[in-house]
Structures are given as structure tokens and as C-alpha cells.
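Contents: one structure, followed by commentary.
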Amino acid sequence: MNLAESKVGTRAIYQPGASSIEGLPTALQMFHAHPPVMAMPHWHAQVEVNYVMHGTVHYRMSDHEFRLNAGEMCLFWGGQPHQMDESSDDSLYAGAHLPLVYFFRLRLPISVSSRLMKGETLLTSATDAADRENFTRWFRYANSGDPAKAQHAVDELLLRIERIALEPYSMTSQAAINLDGDHPYPHSSRSVARMCDFIAANFLHDIDSVDIARAADLHPKYAMNLFKRSTGMTLSKYVTLLRLSRAQAMLMSEGANVLQVAMDSGFGSISAFNKSFRHIAGMSPSDFRRDIRLVTTVPAGAFRN
């Protein structure tokens with residue numbers, strides 16, 4: 001696709017913020033809306049499930065791109081910079097952002113979860129009318145203010161995601177997957193979930209692998225190896241990603257100070273913050289703050305991606 005012909009600028013533009021998924025990296029959030037295009041790639045520390053009800057959308061990931069039409073669903077790791085750069089006028093999608101603590105409670109085959117964590121996308125068209133009704137109800141329950149309804153929505157959503165692996169699907173780097181003999185390891189998944197739980201509660205503090213392992217009753221070396229094998233990233237990288245997700249949202253606030261954002265996001269120094277931010281965003285925090293303000297303040301019709 002010719003980027004000069006991108007539809008960014010003729011649609012409402014997604015604007016991350018402190019109350020959005022980037023600013024709440026440990027929250028499970030559900031959505032049901034017309035998907036706005038993104039003027040810039042973003043990232044977040046959750047696995048994302050998107051189900052397209054109407055229309056069509058197009059995604060650009062770090063090393064691949066794909067299009068979803070009505071009745072199709074995808075699952076991918078949001079920790080890689082990604083961008084929805086096309087969204088048809090009639091598009092409507094629903095889904096959720098799953099923190100890793102939920103993701104590793106799923107009974108998915110290890111081959112699926114590990115490949116998702118390494119940046120691949122799972123695609124499926126094995127959906128039906130029940131999905132349309134269920135995703136709508138889950139969103140309504142999750143936002144009802146009733147804890148019992150919200151929990152029910154989460155439980156049903158997780159079961160639906162598990163069912164993806166029982167029906168035809170594909171991964172972006174391979175046409176099909178044969179799951180015969182490939183089963184999840186419940187004990188390992190529970191241990192990873194416990195580590196994710198502790199990190200979610202403490203990522204703004206000064207924590208290390210020893211603290212994280214202790215919370216899961218594991219030896220530090222075993223904990224580090226298990227987490228890396230399960231997610232494709234180190235414990236420190238995941239902690240950093242949570243901090244960067246929060247920092248990304250904070251930088252969009254009016255008058256945000258880069259040094260203060262670094263400190264409030266759990267980084268011990270401005271140099272560590274700059275290095276980590278540049279690694280994922282490809283630019284410094286100051287340049288990111290400048291560019292995101294440019295794309296959210298210039299009239300929409302002036303954009304060309």
C-alpha cells in the first residue's frame with residue numbers, strides 16, 4: 001500500500017491517554033466500537049483480541065501486515081509497536097486487551113502462546129452469530145459497574161479465546177498449525193501467572209528477579225528461564241515494557257515533563273528511560289511527545305501517513 005494514500009487524516013484518530021490501555025498496563029479492558037485509525041504506532045503490555053463485526057480494518061505490525069474482514073478475529077501481543085492504518089466507514093469491532101496475568105491462565109498450547117509472544121499474529125474466520133451477541137454482551141457486562149457481571153464476562157471471554165485453538169486458524173508465518181500432541185503445561189502457566197501478578201502490582205517500584213521469583217515460590221534462575229521460555233522475553237524486559245506503556249500515556253498529557261515521567265514510571269534515571277524508550281519507539285521521549293502532539297492537534301484533513 002502506498003503510504004501517501006493512507007486514510008489516516010480522513011477518519012477520527014485514536015488518541016491514547018492516561019485512562020486508555022497504554023496508561024493502565026495491568027488492566028483488562030473490553031471494547032465495542034468503530035475502530036479509529038492510528039496516526040502513529042503504539043504499544044501496550046497486553047495481548048489483544050479483535051473481532052470484526054462489520055467492514056474491514058488493516059494492521060501494520062513490526063514485521064508483517066494483515067487485513068481483517070467481517071467475521072474474522074485476530075490475537076496478537078501488543079508489546080510490539082503496531083498500527084491500525086485503515087478502517088472502513090462501516091467498520092465495527094469488539095474485543096479486549098488481556099494483561100499477561102490473564103493470558104497465562106488460558107489453556108492454550110505452548111506453541112501458540114510462545115509464538116504470539118514472539119510477535120506472530122493468530123488469525124481465524126471460525127466465528128458465528130453467537131460471537132456477535134457474546135462480544136456485545138461481554139462489553140456491556142464489563143462496563144455495568146456490577147463486579148459479578150464483569151467477572152462473568154471475563155470468564156466467558158477467556159473460554160472463547162481457548163476455543164480458538166480447537167478450530168481452524170492460521171499464524172502469520174505459517175498457513176496452518178498441527179496441534180496434535182501439543183498441550184499446555186498448567187503448572188508452568190500458573191507460575192508465570194503468579195510472576196505476572198506480582199509484577200503488575202509492583203512494576204513502579206524497584207524490583208528484581210529475586211523479588212519476582214520469591215513471589216512465585218521459585219528459584220530465581222528457574223523463574224527467569226521459565227518466563228523467557230514462556231514469553232520470549234526476560235523478566236526485566238517485561239517490567240520495562242509495563243513502565244514504558246505507562247510512560248507513553250503520561251507523555252501525552254499537557255505540560256508533561258520527561259524527567260518527571262521517567263521517575264513516575266519507575267525508571268531510576270533519565271538515561272535508562274531514554275535508552276529503553278528509544279529501543280521500542282525508535283525515537284526519544286521528547287521527540288515522541290512532540291510528534292504525538294502534532295498529530296493530535298493538527299486538523300485531521302492535514303495528515304498524510
Side-chain angles (χ1 to χ4, degrees), residues 28-35 46-80 82 84-88 90-100 102-142 152-186 189 230-232:
L28 189 156
Q29 295 187 22
M30 296 188 186
F31 51 87
H32 182 286
H34 168 70
Q46 298 91 355
V47 171
E48 186 168 341
V49 54
N50 290 345
Y51 168 54
V52 178
M53 298 179 166
H54 287 299
T56 180
V57 296
H58 182 268
Y59 298 78
R60 287 184 182 274
M61 315 302 281
S62 58
D63 61 358
H64 63 277
E65 58 186 85
F66 61 93
R67 185 177 300 278
L68 282 187
N69 299 309
E72 296 179 329
M73 191 185 306
C74 70
L75 194 66
F76 63 85
W77 166 232
Q80 58 182 321
H82 57 279
M84 180 184 289
D85 62 348
E86 288 185 52
S87 175
S88 64
D90 63 340
S91 63
L92 176 67
Y93 77 161
H97 297 93
L98 300 175
L100 286 192
Y102 289 94
F103 180 70
F104 281 102
R105 287 174 180 156
L106 292 171
R107 293 166 294 184
L108 289 176
I110 292 298
S111 64
V112 173
S113 58
S114 62
R115 292 176 69 177
L116 287 170
M117 289 296 100
K118 292 175 182 176
E120 296 187 41
T121 299
L122 183 154
L123 304 167
T124 181
S125 57
T127 62
D128 52 36
D131 286 315
R132 182 182 180 85
E133 296 179 4
N134 287 334
F135 273 99
T136 301
R137 176 170 49 80
W138 296 335
F139 174 76
R140 187 173 69 250
Y141 273 27
H152 193 272
V154 171
D155 292 342
E156 286 196 353
L157 171 66
L158 297 180
L159 285 171
R160 176 61 184 93
I161 294 173
E162 289 179 355
R163 183 159 63 86
I164 289 176
L166 304 178
E167 299 175 331
Y169 69 91
S170 65
M171 303 293 284
T172 50
S173 67
Q174 189 171 323
I177 300 295
N178 182 353
L179 297 180
D180 292 343
D182 183 12
H183 302 286
Y185 302 103
S189 295
S230 300
T231 69

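Just the heavy atoms: all of them, side chains too, but no hydrogens, waters or symmetry mates, feed the values below. In this chain, residues are counted from 1 in sequence order.
- Applying the side-chain contact (heavy atoms from CB on, under 4.5 Å) test to Leu116 and every residue at least two apart in sequence or in another chain returns Leu75, Phe103, Val112, Leu122, Met171.
- In summary, the side chains of Arg132 and His54 do present a donor paired with an acceptor at a separation below 3.5 Å, with no hydrogens or angles considered.
- Remark: His97 NE2 to Asn50 CG distance equals 6.5 Å, nearest 0.5 Å.
- In terms of the side-chain contact (heavy atoms from CB on, under 4.5 Å) criterion, residue partners of Ala130 (sequence neighbours excluded) are, by chain and number, Asp128, Asn134.
- Separation of atoms CE (Met61) and CZ (Phe66) is listed at 5.0 Å; rounding is to 0.5 Å.
- Here CE of Met30 is found 8.0 Å from CG of Leu98. Values are rounded to the nearest 0.5 Å.
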- Tell me, with the steps shown, if Met73 and Phe135 meet side-chain contact (heavy atoms from CB on, under 4.5 Å). CA-CA 12 Å; Met73 191 185 306; Phe135 273 99; 3.9 Å; yes
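- For the atom pair CD (Glu133) and CE (Met53), the distance works out to 10.0 Å, reported to the nearest 0.5 Å.
- Here the side chain of Thr127 pairs a donor or acceptor atom with the backbone of Gly71 at under 3.5 angstrom.
- In this structure, the side-chain contact (heavy atoms from CB on, under 4.5 Å) partners of Asn69, at least two apart in sequence or on a different chain, are Thr56, Arg67, Glu72.
- For Phe31 and Tyr93, the ring centers are positioned less than 6.0 Å apart.
- Although no hydrogens or angles enter the test, the distance criterion places no donor-acceptor pair under 3.5 Å between the side chain of Glu86 and the main chain of His58.
- Side-chain rings of Tyr141 and Trp138 stay apart, their centers remaining 6.0 Å or farther from each other.
- Remark: the backbone N or O of Pro35 is paired with a side-chain donor or acceptor of Ser87 at under 3.5 angstrom.
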